[in-house]
**Student:** 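Sharing a structure below in structure tokens format, with a few things to ask.
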Amino acid sequence: MPPFKREDYVTTHEVEISHLEDHIHVTPGEVLVPLPDLEKNVKRRTFFMNFTHVIGFLIGLPIAYPILRYLMKPMYAAFDNQWLNVGNVSQIKKEDVGVQFEYKKKVKEVYMPEYEVEKNVWVVRATPELLEKVYQGKDEEFRDSKGTVIWTNKKEIPYVAFSGKCPHLGCAYKWRNHKALGPVFLCPCHLSIYDAAGNVLDGPAPRALDALPVRVSAGGEVEIIDMEFKAGTKAQVRIV
Ligand code: FES
């Protein structure tokens, strides 16, 4: 009879082989039965199990791929770069003053039906001095998701549009008269303060207000491309 080894047996409460207890250690209450051959050869069993998984994966892949591609399509959708009419410049009565333009935008999110959201931008008719502060002598380019330039705000065009979301955490801000600083853009959430050129004067905002592509027609209609940027980052990262 071959020598008894402890690892060749498993514990059970169903079958008792009493003669084994004379040859190997058994704790009181423990009952032993021989370990099946398949249980002993774990490496071989694991190999066949993994092999079955790989075969199953290869068979399932052609079925799963189109479904996954359909589900993930919205993640790789191009940015919406359509121009939206937000109002007429006749609403702006003074230079270097923030004027809020409200508009509605149709939004289609993933697999939900299309719906409308109310949004706003701030438009400033800027003096040459303010334009210099906004553009610092350079035109501003805007790009699509592939990095192609889709529009350039020219530094001499006097209309500047800012996204209605504060770059700190995305709250709505207002044009207010500050006791010490005079007229400013003020965000009530954490008291970030920006001048009329969008530059940060105070508060936790990590960057200037986000300027948007803007154009004004011969009839004075103001159009913008509605873009959204990541909040809370120093760099301006477009997300919509
Ligand atoms: S969201 Fe505007 S200051 Fe925080």
Side-chain angles (χ1 to χ4, degrees), residues 74-75 77 79-84 86-87 89 91-110 112 115-127 129-136 138 140-145 151 153 155 158-214 222-240:
M75 288 168 63
F79 292 136
D80 177 4
N81 292 323
Q82 63 171 313
W83 287 94
L84 299 172
V86 295
V89 284
Q91 286 177 241
I92 305 174
K93 306 295 182 205
K94 278 173 81 177
E95 288 181 318
D96 296 356
V97 164
V99 178
Q100 191 174 35
F101 285 68
E102 293 178 341
Y103 61 99
K104 289 187 175 152
K105 186 184 180 189
K106 288 196 170 112
V107 177
K108 174 86 181 70
E109 267 180 21
V110 198
M112 306 285 287
Y115 62 98
E116 230 174 31
V117 287
E118 292 187 355
K119 306 194 78 174
N120 70 85
V121 284
W122 289 88
V123 181
V124 177
R125 187 169 69 226
T127 55
E129 296 72 38
L130 192 73
L131 278 180
E132 180 55 33
K133 278 181 156 186
V134 174
Y135 293 113
Q136 294 165 7
K138 285 185 289 182
E140 184 170 5
E141 292 179 339
F142 297 89
R143 296 170 189 274
D144 66 10
S145 49
W151 178 255
N153 278 354
K155 61 183 188 305
Y159 293 99
V160 182
F162 296 114
S163 160
K165 289 189 173 181
C166 172
H168 179 227
L169 290 179
C171 284
Y173 57 89
K174 298 286 178 200
W175 179 254
R176 290 284 181 265
N177 206 15
H178 188 278
K179 257 192 216 160
L181 301 168
V184 290
F185 289 112
L186 173 71
C187 181
C189 289
H190 313 95
L191 300 181
S192 285
I193 299 174
Y194 310 85
D195 66 13
N199 297 317
V200 180
L201 298 177
D202 200 5
R207 62 173 189 266
L209 292 177
D210 297 310
L212 299 179
V214 61
V222 181
E223 291 185 313
I224 56 125
I225 296 180
D226 178 73
M227 295 180 171
E228 288 192 19
F229 303 92
K230 203 168 177 180
T233 58
K234 197 162 185 323
Q236 193 191 52
V237 181
R238 187 176 175 188
I239 52 173
V240 173

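All values reported here derive from a predicted model rather than from experimental measurement. Whatever order the structure lists them in is the order used to number ligands and atoms, beginning at 1. Each residue takes its place number in the sequence, starting with 1.
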**Student:** Cut-off 3.5 Å, no hydrogens considered: what does the side-chain donor-acceptor table look like for residues 176-190, sequence neighbours left out?
**Tutor:**
{"residue": "His178", "atom": "ND1", "partner": "Ala180", "partner atom": "N", "Å": "3.1"}
{"residue": "His178", "atom": "ND1", "partner": "Leu181", "partner atom": "N", "Å": "3.1"}
{"residue": "His190", "atom": "ND1", "partner": "His168", "partner atom": "ND1", "Å": "3.1"}

**Student:** When rounded to the nearest 0.5 angstrom, what distance separates CZ in Phe162 from CH2 in Trp122?
**Tutor:**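 So the gap between those two atoms works out to 11.5 Å.
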**Student:** For residues 222-238, which residue pairs pass the side-chain hydrogen bond (donor to acceptor under 3.5 Å, both in side chains) check, not counting sequence neighbours?
**Tutor:** Asn81-Arg238, Tyr103-Asp226, Lys105-Asp226, Lys119-Asp226, Lys119-Glu228, Lys165-Glu228, Arg207-Thr233, Asp210-Gln236, Arg215-Glu223
**Student:** Under 3.5 Å, side-chain donor or acceptor atoms of residues 94-102 against the rest of the protein: list the pairs with distances, not counting sequence neighbours.
**Tutor:**
{"residue": "Asp96", "atom": "OD1", "partner": "Thr127", "partner atom": "N", "Å": "2.8"}
{"residue": "Asp96", "atom": "OD1", "partner": "Thr127", "partner atom": "OG1", "Å": "3.2"}
{"residue": "Asp96", "atom": "OD2", "partner": "Thr127", "partner atom": "OG1", "Å": "2.8"}
{"residue": "Gln100", "atom": "NE2", "partner": "Asn120", "partner atom": "OD1", "Å": "3.1"}

**Student:** When you compare the side chain of Tyr194 with that of Val200, does any pair of heavy atoms fall below 4.5 Å?
**Tutor:** yes
**Student:** What's within reach of atom 4 (Fe) of ligand 1, meaning protein N/O/S atoms under 2.8 Å?
**Tutor:**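 Short answer, with waters excluded from the count: His168 ND1, His190 ND1.
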**Student:** Which residue, Leu131, Leu212, Val123, Val214, forms the side chain to side chain contact (heavy atoms under 4.5 Å, CB included) with Val160?
**Tutor:** Leu131
